[in-house]
Protein chains: 2
Amino acid sequence: MSETALRKDSQDGEEAVEPKTLVEAAYHRLRKDIIEGNLKPGEKLRVEHLKNHYDVGAGTLREALQLLMTDALVVAQGQRGFNVAPISLSDFEDITRTRVLIECEALRQSIARGTDEWEGAVMAAFHRLSRAEERLDWKVGSSREEWEARNKTFHEVLISACPSRWIRHFQQLLYRQSERYRRISMHTSPIPRDVHAEHVKLCEASVARDADRACAVLTEHIIRTLDAIRTLPPSLIEGDPAKLAKVARTRARVLETE
Amino acid sequence: MSETALRKDSQDGEEAVEPKTLVEAAYHRLRKDIIEGNLKPGEKLRVEHLKNHYDVGAGTLREALQLLMTDALVVAQGQRGFNVAPISLSDFEDITRTRVLIECEALRQSIARGTDEWEGAVMAAFHRLSRAEERLDWKVGSSREEWEARNKTFHEVLISACPSRWIRHFQQLLYRQSERYRRISMHTSPIPRDVHAEHVKLCEASVARDADRACAVLTEHIIRTLDAIRTLPPSLIEGDPAKLAKVARTRARVLETE
DNA sequence: CAATCTTAAAATCTCGAGAAAAAGTCTTGA
DNA sequence: TCAAGACTTTTTCTCGAGATTTTAAGATTG
């Protein structure tokens, strides 16, 4: 159904289980399109058009949409259908701050209760991430996707020893949200940070069981993405209602004629 | 749709807006029944039977169920339908600990950024809660419900000055979860704590802008409910699958013949 | 020209029926 | 007595069509 920590099929590190139902499949495809920006923030999601594009019935698509509300990637109001959740700088600031709170707590718990096996998993994930970072070319999509996946895995493994299901659930929610913003910064931001150095320090501090230092590094790490977004032109981030409506209209026509 | 902080219709303190659609109505009724325990934890939710009871179509009920997954009150797996989210002592411990983290952060932010108007609202909510506590009789349902509502409002107002939508969202999620457990302790627990004294201290510290003390009191306050649950016989809390299946069966028949 | 009312179009919401899957039941055999 | 397999029943999942509401456009009036 979803890989959220509160649900049962969540122990996969990299890839989720096979969707068993059309609703799940549509849910995953929609989520991907929203996070990757194929469906723009604030855009109206017309069931009539989308059902053709995703090859499912109207009711099925509606259910997938309802499911996406769980991740706060889709919003709905009364009798006026669904919209992609809008984005804004203030929202991203909120997400970032809250993520610092949640993820640091998760890391603290993980460091406190992690076993040797956990340390090994951290080292392994770090190593795989390092390899991906070595051959990372921002202009090549596949390379970027590989890094993205391994980065996610690394952060997940770091807090995998956190025993709290709710903390992990919130972490996933916020990470997924921030993914949307990171996409924007990756496509446009010209300042390549030394993420590798940050990962090194984070890995070291964690395995050394220095919770305070690890959290400090992690906080820095998370906040830097916020700074990268802050330098972007506001037009990319702000959800101008008029512009969004136009985008939604044109997009709908495109999907219609496909 | 729901009063979650992330959605738009959330500024009502006491009662939500009128449901504009059948899905919303079914969602609210189902949520009420789950929180109040009319639908037992772990119980199977058969669409075929429930749609009669709630007087909606099958698809409509399915959508309401999907929506309830947002609040983690309903779980679903693959092709095997929906279940009420099970409960357990360890889950409640997790909820409580996470709630302490979230709610303290919310209170800190609220105390830091609250205006005089906020102080006034806190005093007002506290006063109304005190009145309800004066005439609180645990054996009278209406009195208990009044207290429950005002208690919720008081805690909501306390953190209403917290500017973070996500923190407020998580707070509502966790509060709603804990409501299920509190119901159990209220119906059976014989140890009436002096909640009023706790509320007094909490209110005083908050208005005095003493964040550290307020959080300490709040932490105590939240954890005490956990202690109350801990004294209960495990049978009330544990979700025995076999027993639950039986309960589900009989309950389904009851609904069917109604 | 702006504002309001009327009319037409599009989109949402809702329902019931049919296909696919799971669970339950019964028979058969060791 | 227990286990395995085939059959039946129940339940879930999916789809398309009709009713209701929102949105857009056009006409009318001050």
Side-chain angles (χ1 to χ4, degrees), chain A residues 1 8 17-30 42-69 74-84 241-242 244-246 248-257, chain B residues 1-2 8 17-30 43-69 74-84 241-242 244-246 248-257:
Chain A
M1 189 63 60
K8 295 194 174 171
V17 290
E18 206 66 16
K20 289 292 176 203
T21 172
L22 283 188
V23 174
E24 293 173 34
Y27 164 77
H28 282 286
R29 293 182 58 190
L30 272 164
E43 178 176 341
K44 188 136 186 39
L45 295 167
R46 290 188 193 72
V47 178
E48 295 300 313
H49 300 287
L50 260 50
K51 71 171 191 165
N52 301 328
H53 191 245
Y54 291 99
D55 265 313
V56 292
T60 305
L61 190 61
R62 276 183 67 81
E63 292 192 24
L65 254 11
Q66 307 267 15
L67 226 36
L68 277 164
M69 295 178 64
V74 161
V75 294
Q77 41 179 330
Q79 205 117 260
R80 271 176 251 170
F82 302 88
N83 287 78
V84 179
L244 286 172
K246 209 160 68 178
R249 246 188 308 254
T250 50
R251 164 133 215 102
R253 301 239 167 74
V254 169
L255 284 177
E256 195 176 16
T257 54
Chain B
M1 188 66 56
S2 146
K8 294 194 174 172
V17 291
E18 208 65 17
K20 288 293 176 202
T21 171
L22 283 189
V23 175
E24 294 173 34
Y27 164 76
H28 282 286
R29 293 182 59 191
L30 272 164
E43 180 176 339
K44 189 137 187 39
L45 296 166
R46 292 187 192 71
V47 177
E48 294 301 311
H49 300 288
L50 261 52
K51 71 172 191 164
N52 301 327
H53 191 245
Y54 291 98
D55 265 313
V56 292
T60 306
L61 190 60
R62 277 183 67 83
E63 291 191 24
L65 254 10
Q66 306 267 20
L67 226 35
L68 277 164
M69 295 178 64
V74 162
V75 294
Q77 40 179 331
Q79 204 117 271
R80 272 176 247 171
F82 302 88
N83 288 78
V84 179
L244 286 172
K246 209 162 67 177
R249 243 188 309 256
T250 51
R251 162 133 217 104
R253 301 240 164 76
V254 169
L255 285 177
E256 195 178 12
T257 55

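Values reported hereafter were calculated over all heavy atoms of this structure, with side chains retained and with hydrogens, waters and symmetry mates removed.
For B/Arg62, the side-chain atoms get nearest to D/dC13 when compared with the rest of D/dC13, C/dT14, C/dT12. When distances are taken from the side chain of B/Leu22 to each of D/dC15, C/dC15, D/dT12, the shortest belongs to C/dC15. For B/Thr60, taking side-chain heavy atoms from C-beta onward, the closest of the listed nucleotides D/dC13, D/dT22, C/dT14 is C/dT14. Distances were taken from every side-chain heavy atom of A/Val23 (C-beta onward) to each of C/dT12, D/dC13, D/dT14; the shortest belongs to D/dT14. Of the candidate nucleotides D/dC13, D/dT12, D/dT14, D/dT12 has the atom nearest to the side chain of B/Glu48. Of the candidates D/dT14, C/dA11, C/dC15, C/dA11 carries the atom nearest the A/His49 side chain, counting heavy atoms from C-beta on.
Note on residues 47-56 of chain A: no pairs pass salt bridge (Lys or Arg N to Asp or Glu O under 4.0 Å), not counting sequence neighbours.
For B/Thr21 and C/dT12, the shortest distance from a side-chain N or O to OP1 or OP2 is not below 4.0 Å. Proximity of A/Arg80 to the phosphate of D/dT23: a side-chain N or O atom is located under 4.0 Å from OP1 or OP2.
For the side-chain contact (heavy atoms from CB on, under 4.5 Å) with A/Phe82, the lone residue among A/Lys44, A/Arg46, A/Arg62 that qualifies is A/Arg62.
The distance between atom CZ of B/Arg46 and atom P of D/dT9, rounded to the nearest whole Å, is 18 Å. In this structure, OH of A/Tyr54 is placed 15 Å from P of D/dC15, rounded to the nearest angstrom. Taking atom CD on B/Gln77 and atom P on C/dA21, their separation rounds to 17 Å, with Å as the unit. Rounded to whole Å, atom P of D/dT12 lies 12 Å from atom CD of A/Glu63. Atom CG in B/Leu61 sits roughly 14 Å away from atom C1' in C/dG16 (whole-Å rounding). Atoms CD (B/Glu24) and P (C/dC13) sit 9 Å apart, rounded to a whole Å. Following rounding to the nearest Å, B/Asn83 (CG) and D/dT12 (P) show an atom-to-atom distance of 10 Å. Across the protein-nucleic acid pair, A/Asn52 atom CG and D/dC15 atom C1' stand 13 Å apart, rounded to whole Å.
In terms of position on DNA chain C, the residue among B/Gln79 and A/Gly81 whose nearest nucleotide sits closer to the 5' end is A/Gly81.
Here B/Leu45 lies in heavy-atom contact (under 4.0 Å) with sugar-phosphate atoms only.
Counting only heavy atoms from C-beta outward, the side chains of A/Glu63 and A/Tyr27 never approach each other to under 4.5 Å. A/Val47 places a side-chain heavy atom less than 4.5 Å from the side chain of A/Leu65. Contact of the A/Leu67 side chain with the A/Leu30 side chain is not registered, since no non-hydrogen atoms from C-beta on lie closer than 4.5 Å.
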